[in-house]
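Encoded as structure tokens, the structure appears first; notes follow it.
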Amino acid sequence: MSARDQLLVVIDPVARRADGESVRIARDVLGAGAAVRFCLPDGPEEFTKALARRGARRLVVIGDDRALLRAVQALHRERGLSGPALALVPVGPAQSLARSLGVPAGAVAAARAVLEGTERRLDLLVDESDGVVLGDLRIPPVGGGPPYRSSPGSAPGSVPGPSSGPGSGPSSGSPSGPAVASAASARAARLSRASAAEGHPWLRSCQSFVRTLATRPSRVAAAPAAGPSRLRVEADGVTLVDLDQPVEGVRVTAGHGGLAQVEVRPASVGAEAAPLRVRARSVTVSGADFRYRADAVVAGPVRTRTWTVHPGAWGLTLPD
């Protein structure tokens, strides 16, 4: 049996929780067409260890965009992207990157592409901290579905794990509005019982005040809309815009043939300014602290960042 027919299938835990039926279908299709070894990691560390133990088997990831990013990031750091192409069966909440790369939607079609497709070598954007971009990056970090923020203590360019990010886990911050209301209602009930038992009328006033606090909706400040930024954008050492010219947004897309597509949208006062579009091997953005969105991950703030195109750096199995 050839190495192409031997697969290591890593099933992301988010995919197992989000759509177990699609995971089961993908396992059945892959198992019927190749010699498969399945791996079910419980977290990012086990996910990375599974990739390191793949040997000569072709790597298949069942998961969403975040799982694909984690796999490519890990392979890039161990300098393993030059080996056999990896493959993806998209299952999970975020699949816009997979669609943009040409991966079929649906467990059956994607699993058949793993077995019958061909390898395509794709360009990779890599920054100076070894972070990778498969599709595009945007400044400010808007659009493309719900973002995943890199935690402050994580390695630069790292992709958060299935349980990371705001609001995850039982102790992920302050109590929510319903929890506060429930606690306040409980206090009001205790005050009511004390009033009835001890006959203190003034406690009724406290009870009414606490009940008012419990039913009052919490006020959440709306996030301010992103305004023009003052950034210096350089493409292959040539300045496209400088700090004296505000910009509405910057987008860099990993293209083909070793050149990235760069688009800068200057801020306009009257008539809409035409965007600047060039192709370049490297792009440097600098200025005041800014955040950027690399595929599905929001990173920063940083003062400067340079992305360089690595031509044909990684392979992905796609339909013929």
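Hydrogens, waters and symmetry mates play no part in the numbers below; they use all other heavy atoms, side chains included.
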Tell me whether the count of non-hydrogen atoms from other residues, nucleotides or ligands lying under 6.0 Å of CZ in R120 goes above 12.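 Check passes, neighbour count above 12.
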
Within a reach of under 6.0 Å around CZ of R281, are more than 12 heavy atoms found that belong to other residues, nucleotides or ligands?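 For R281, atom CZ is not crowded (no more than 12 foreign heavy atoms under 6.0 Å).
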
Using side-chain heavy atoms (C-beta onward) and a distance below 4.5 Å, is V60 in contact with V10?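 Sidechains of V10 and V60: no contact.
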
Would you say L69 and V297 make side-chain contact, with heavy atoms under 4.5 Å?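 Counting from C-beta outward, L69 and V297 do come under 4.5 Å.
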
Could you tell me whether the side chain of R121 and the main chain of A313 form a donor-acceptor pair under 3.5 Å?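 Yes.
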
Could you tell me whether the side chain of D64 and the main chain of Q95 form a donor-acceptor pair under 3.5 Å?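 Flag not set: sc D64 to bb Q95 has no pair under 3.5 Å.
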
Under a single-linkage definition using a 4.5 Å side-chain heavy-atom cutoff for Ile, Leu, Val, Met, Phe, Trp and Tyr, are [X] and [Y] assigned to the same hydrophobic cluster?
{"X": "L125", "Y": "V278", "value": "yes"}
{"X": "F290", "Y": "L243", "value": "no"}
{"X": "L276", "Y": "L137", "value": "yes"}
{"X": "L75", "Y": "L101", "value": "yes"}
{"X": "V283", "Y": "V302", "value": "yes"}

Rounded to the nearest 0.5 Å, what separation is found between the [atom1] atom of [X] and the [atom2] atom of [Y]?
{"X": "E234", "Y": "S282", "atom1": "CD", "atom2": "OG", "value": "9.0 Å"}
{"X": "R57", "Y": "Q6", "atom1": "CZ", "atom2": "CD", "value": "5.5 Å"}
{"X": "R293", "Y": "D136", "atom1": "CZ", "atom2": "CG", "value": "9.0 Å"}
{"X": "R279", "Y": "D236", "atom1": "CZ", "atom2": "CG", "value": "11.5 Å"}
{"X": "L122", "Y": "L81", "atom1": "CG", "atom2": "CG", "value": "11.0 Å"}

Which pair of heavy atoms, one from [X] and one from [Y], lies closest together, and at what distance?
{"X": "R303", "Y": "A288", "answer": "NH1-CA, 4.5 Å"}
{"X": "A280", "Y": "V262", "answer": "CB-CG2, 4.5 Å"}
{"X": "G117", "Y": "D320", "answer": "C-OD1, 3.9 Å"}
{"X": "A85", "Y": "T317", "answer": "CB-OG1, 3.9 Å"}
{"X": "L124", "Y": "V133", "answer": "CD1-O, 3.6 Å"}
{"X": "P41", "Y": "P13", "answer": "O-CD, 3.5 Å"}

From the options K49, R17, R16, select the one residue that forms a salt bridge (charged side-chain N to carboxylate O under 4.0 Å, His left out) with D42.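 For D42, the salt bridge (charged side-chain N to carboxylate O under 4.0 Å, His left out) test succeeds with only one of K49, R17, R16, which is R16.
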
Which residues pass the side chain to side chain contact (heavy atoms under 4.5 Å, CB included) test with [X], sequence neighbours left out?
{"X": "P246", "answer": "P228, R230, A267"}
{"X": "S82", "answer": "none"}
{"X": "A98", "answer": "D65, L88, P90, V103"}

Could you pull out all residues at least two apart from [X] that satisfy salt bridge (Lys or Arg N to Asp or Glu O under 4.0 Å)?
{"X": "D244", "answer": "none"}
{"X": "D242", "answer": "R232"}
{"X": "E46", "answer": "none"}

Any residue meeting side-chain hydrogen bond (donor to acceptor under 3.5 Å, both in side chains) with [X], in chain and number order, not counting sequence neighbours:
{"X": "R54", "result": "E78"}
{"X": "H76", "result": "D130"}
{"X": "T253", "result": "none"}
{"X": "R277", "result": "E263"}

Show your reasoning for whether side-chain contact (heavy atoms from CB on, under 4.5 Å) applies to V264 and R251. CA-CA 7 Å; V264 181; R251 182 176 183 179; over 6 Å; no

Take S129 and R305, measure what side-chain contact (heavy atoms from CB on, under 4.5 Å) needs, and give me the verdict at the end. CA-CA 9 Å; S129 65; R305 184 67 88 217; 4.0 Å; yes

From CA spacing to verdict: side-chain contact (heavy atoms from CB on, under 4.5 Å), L51, L59: CA-CA 8 Å; L51 303 189; L59 175 63; 3.5 Å; yes

Side-chain donor-acceptor distances from residues 20-34 under 3.5 Å, at least two apart:
{"unit_1": "E21", "atom_1": "OE1", "unit_2": "R24", "atom_2": "NE", "d": "3.4"}
{"unit_1": "E21", "atom_1": "OE2", "unit_2": "R24", "atom_2": "NH2", "d": "2.6"}
{"unit_1": "S22", "atom_1": "OG", "unit_2": "D19", "atom_2": "OD1", "d": "3.3"}
{"unit_1": "S22", "atom_1": "OG", "unit_2": "D19", "atom_2": "OD2", "d": "2.6"}
{"unit_1": "R24", "atom_1": "NH1", "unit_2": "D28", "atom_2": "OD2", "d": "2.9"}

Residue pairs fulfilling ring-ring contact (aromatic ring centres under 6.0 Å, His included) with at least one residue in residues 301-320, sequence neighbours excluded: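 Residue pairs passing ring-ring contact (aromatic ring centres under 6.0 Å, His included), neighbours aside: Y292-W307.
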
Step by step, would you call L8 with C39 a side-chain contact (heavy atoms from CB on, under 4.5 Å)? CA-CA 7 Å; L8 172 64; C39 180; 4.3 Å; yes

Knowing that exactly one of D123, L316, D295 qualifies, which makes a side chain to side chain contact (heavy atoms under 4.5 Å, CB included) with L134?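 Between L134 and the candidates, side chain to side chain contact (heavy atoms under 4.5 Å, CB included) is satisfied uniquely by D295.
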
CA sep, side-chain torsions, deciding dist, call: T284, T306, side-chain hydrogen bond (donor to acceptor under 3.5 Å, both in side chains): CA-CA 4 Å; T284 299; T306 297; 2.8 Å; yes

